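Chain identifiers are assigned alphabetically (A, B, ...) following the order of the sequence lines, protein sequences preceding nucleic acid strands; residue numbering begins at 1 within each chain. Just so it is clear, the structure is predicted and the values come from calculations on it, not from any experiment.
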Protein chains: 2
Amino acid sequence: MATLQDIARLAGVSTATVSRTLSNPGLVAEATRAAVLAAVEQTGYQVNHAARNLRMQRAGSIIALVPNLANPFFSQILAGISSVLTPEGFGLLVADTQAGPDPDSRLRQYLRGGVADGLILFDGNLSLAALDVPDSPPVVAACEWLGDTLPSVRVENAHGAELAVRHLFDAGHRTIGYLTGPKGNVLNVTRQEGYLAALATLGLPSNQAWIYEGDFSLDSGAMAAARWIADPMRPGAMFCASDEMACGFMGAIQRAGLHVPRDVSVIGFDNIEVAAHMTPTLTTIRQPRTLIGERAANMLLKMIATKSINIETEIIPVELVERSSVANPAHASRALVTQN
Amino acid sequence: MATLQDIARLAGVSTATVSRTLSNPGLVAEATRAAVLAAVEQTGYQVNHAARNLRMQRAGSIIALVPNLANPFFSQILAGISSVLTPEGFGLLVADTQAGPDPDSRLRQYLRGGVADGLILFDGNLSLAALDVPDSPPVVAACEWLGDTLPSVRVENAHGAELAVRHLFDAGHRTIGYLTGPKGNVLNVTRQEGYLAALATLGLPSNQAWIYEGDFSLDSGAMAAARWIADPMRPGAMFCASDEMACGFMGAIQRAGLHVPRDVSVIGFDNIEVAAHMTPTLTTIRQPRTLIGERAANMLLKMIATKSINIETEIIPVELVERSSVANPAHASRALVTQN
DNA sequence: AGAAGCGATGTAATCGATTTCAACGGGGAC
DNA sequence: GTCCCCGTTGAAATCGATTACATCGCTTCT
């Protein structure tokens, strides 16, 4: 491995000049710069990050803390983050908040340790108190958020819910249920508020019995389907707080011999990749995941560069993706009759 | 941020002693050790990784190079890697081979740069030549592999294919097709060999026309379905080289008004999470993804620790997961009759 | 008694890049 | 002609942890 010293010797200049050529080329004369760059080219020199980071008092990486690394939802977001970080010379460290025993203390450890120059937090369940660490690097919340003391990147959650409910309404539905995320989760709370607000503006009844509990997972969607089937007062359409739950819900409904959208219309949230390939294809609210990652990374880099903490909230638009899991209930009944 | 010096001063010893207490406690006397640890406790000291890495001539992280970070298949594997690396003080860097313009040169850059102490490669399409870099850190191939000059962790791909074909055979199928992965991909080649071998041992005909081209993606599965439908000589069962393709295939089949497994039995490979929630639920070959990640990480750590390159290949068993996308073709026809 | 051995600890060099400060040479202003 | 300034460059300090080597007491062996 060639070092700065080697380049300096080869180019007949001092290490200071080499360093300047690489990081602040405006300061060195044209001819010298050429000589240095030639030496760099010849040796295939690459900076030693450990040395640079030590000298510059930084860690050279940022951490993404996700609630569950095994959840495919995050992979695309990570790709977005990575694409912004890499050109800036930062590495992306990923860690799982659920992996260890005590998420809060692990978070605190990351903040204190100088392990990273910044942190992107995807888990809204951590305690705000854990963030209160002296000299902690900047933190950006993404997707989920904690209070309003942290800069964050999120999507139009309530608006997405309203889009979903209005779409079901436009299709002719008047009884619309909601399949929730984990109790207390900010995304879930906000989407549920959007759901209730939309019902209100549309003059539709809301009914506590139409709210089914879930936790965003496939399995919880399937379990909710069983409760839906057993419910004599069940709504004719379900807005699910995540696509995974919507998929689980539809799967279980159909395994029970019922049909989507004939017997129940379903709409999800996220637009995960399989949504377009389910039977029926899933109507949903699209979240631009790569964009979320990019924005969060950019926001964090800006905070690192300026050493300032401006608590801004970036809201990313969502949109309805119409597919075939929603139908007019009247038509559906007719179809039911002909089919039998 | 407290440094080693601070601890040394506080405990009334030298930095050498503090360092030893932390990394090799056996070398220091009981009493001194206690004093040092008390000082560490009091200040909340954490090592500066940049300094340690510089001194120890290592990067402190390993890179996972995946062909496509946005592919959910990898998230669980990354979780497995991460769980092994974190306790050992290594960070996990993730990078996407497809993100930039020239994957090979990016790979070479990672190897040369001292950016990482090791590399886990999930992309079998890179050229072996790109790996030939002086002083490159150890590399482990996982899932896919390149030639046999690299240690690797993989699953029983051919055996998985045989399990799949035999299962279809046992269900009564005699015409069994194969939906391929990308041409030239090692996983695809191996699974196809397993498929052909199984046909041969079962005394079944093989037919070039029954081999449909795909590339592991959902969309390619859907496109293959269109070709299958248009094919007068189509096989009665399809073994798909990936679950994503199987999902895409089933979805498109059913959107065309046909039914799985009534009109065609389908079996996938991977056991991705949604497989159990598709309509119908997807019979498939399970790959233990977390385990793959853990094994690859352990193998790499061993190589880093011993500085040796022993070219071992670890093969991880797969198993058939029976669900409901496979049916006896005779029964299926009967069901068809009753249903209409 | 003297040498040798051993456990515990300190001194100081070292990793490689960045950056402050000083120095140098030449051009323009007075 | 002298002075000053500016562009360019180099010498050397610095970041924080690790570790080879030296040192110092003591015990133990001959």
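Distance alone, capped at 3.5 Å, is enough to place a donor-acceptor pair between the B/D104 side chain and the B/S127 backbone. Although no hydrogens or angles enter the test, the distance criterion places a donor-acceptor pair under 3.5 Å between the side chain of A/T43 and the main chain of A/A39. Side chain of A/T86 to backbone of A/S82: a donor-acceptor contact under 3.5 angstrom is found. Side-chain atoms of A/N48 come within 3.5 Å of backbone N or O of A/A51 as a donor-acceptor pair. Using a distance-only test at 3.5 Å, with no hydrogens or angles considered, no donor-acceptor pair links the side chain of A/D117 to the main chain of A/I62. Side chain of A/N53 to main chain of A/A59: a donor-acceptor pair is present (N/O by atom type, distance under 3.5 Å, no hydrogens or angles). Judged purely by atom type and a 3.5 angstrom limit, A/S83 uses its side chain to pair as donor or acceptor with the backbone of A/G80. Formation of a donor-acceptor pair under 3.5 Å by the A/D215 side chain with backbone atoms of A/S217 is found in this model.
Between the CD atom of A/Q46 and the P atom of C/dA17 there is a distance of 11 Å, rounded to whole Å. We find that CG of B/L22 is positioned 12 Å from C1' of D/dT18, with the value rounded to whole Å. Atom NE2 in B/H49 sits about 14 Å away from atom C1' in D/dT18, given to the nearest Å. Regarding B/R20, its CZ atom lies at a distance of 6 Å from the C1' atom of C/dT9, rounded to whole Å. Computed from coordinates, the A/Q57 CD to C/dT19 C1' distance equals 13 Å when rounded to whole Å. Atom C1' of nucleotide C/dT20 and atom CG of A/N24 are separated by 14 Å, given to the nearest angstrom. Between the CG atom of A/N48 and the C1' atom of D/dA17 there is a distance of 14 Å, rounded to whole Å.
Contact annotation for B/V13: backbone-only contact, meaning every heavy-atom pair under 4.0 Å involves sugar-phosphate atoms and none involves a base. If you check every strand for non-hydrogen atoms under 4.0 Å, B/T17 touches sugar and phosphate atoms only.
Summary of helix geometry: the two end axes of the helix from C/dA1-D/dT30 to C/dC30-D/dG1, each defined by five base pairs via their C1' atoms, are inclined to each other by 50° (rounded to 10°).
Within a heavy-atom distance below 4.0 Å of DNA chain C, the residues of residues 1-11 of chain A found are A/T3, A/L4. Residues of residues 27-42 of chain A that place a heavy atom closer than 4.0 Å to DNA chain D, in numerical order, are A/V28, A/A29, A/T32.
A donor-acceptor contact under 3.5 angstrom links the side-chain atoms of A/R55 to the base of D/dT14.
Tested against A/V139 for a side-chain contact (heavy atoms from CB on, under 4.5 Å), the candidates A/L107, A/L111, A/L146, A/I309 yield a single pass: A/L111.
Checking D/dA12, D/dT19, C/dG16 against every side-chain atom of B/A16, the shortest atom distance belongs to D/dT19. Comparing C/dA17, D/dA17, C/dT18 by their closest approach to the side chain of A/M56 singles out C/dT18. In the set C/dT19, C/dG16, D/dT18, the nucleotide with an atom closest to the side chain of B/L54 is C/dG16. In the set D/dA17, D/dG10, C/dT19, C/dT19 carries the atom at the smallest distance from any side-chain atom of A/S19.
Annotation for B/N310: atom CG counts as buried by contact number, over 12 foreign heavy atoms lying within 6.0 Å.
Residues B/L187 and B/C143 share a closest heavy-atom pair of CD2-O, 3.4 Å.
A/P103 is not listed as a side-chain neighbour of A/D123, based on a closest heavy-atom distance of 4.5 Å or more.
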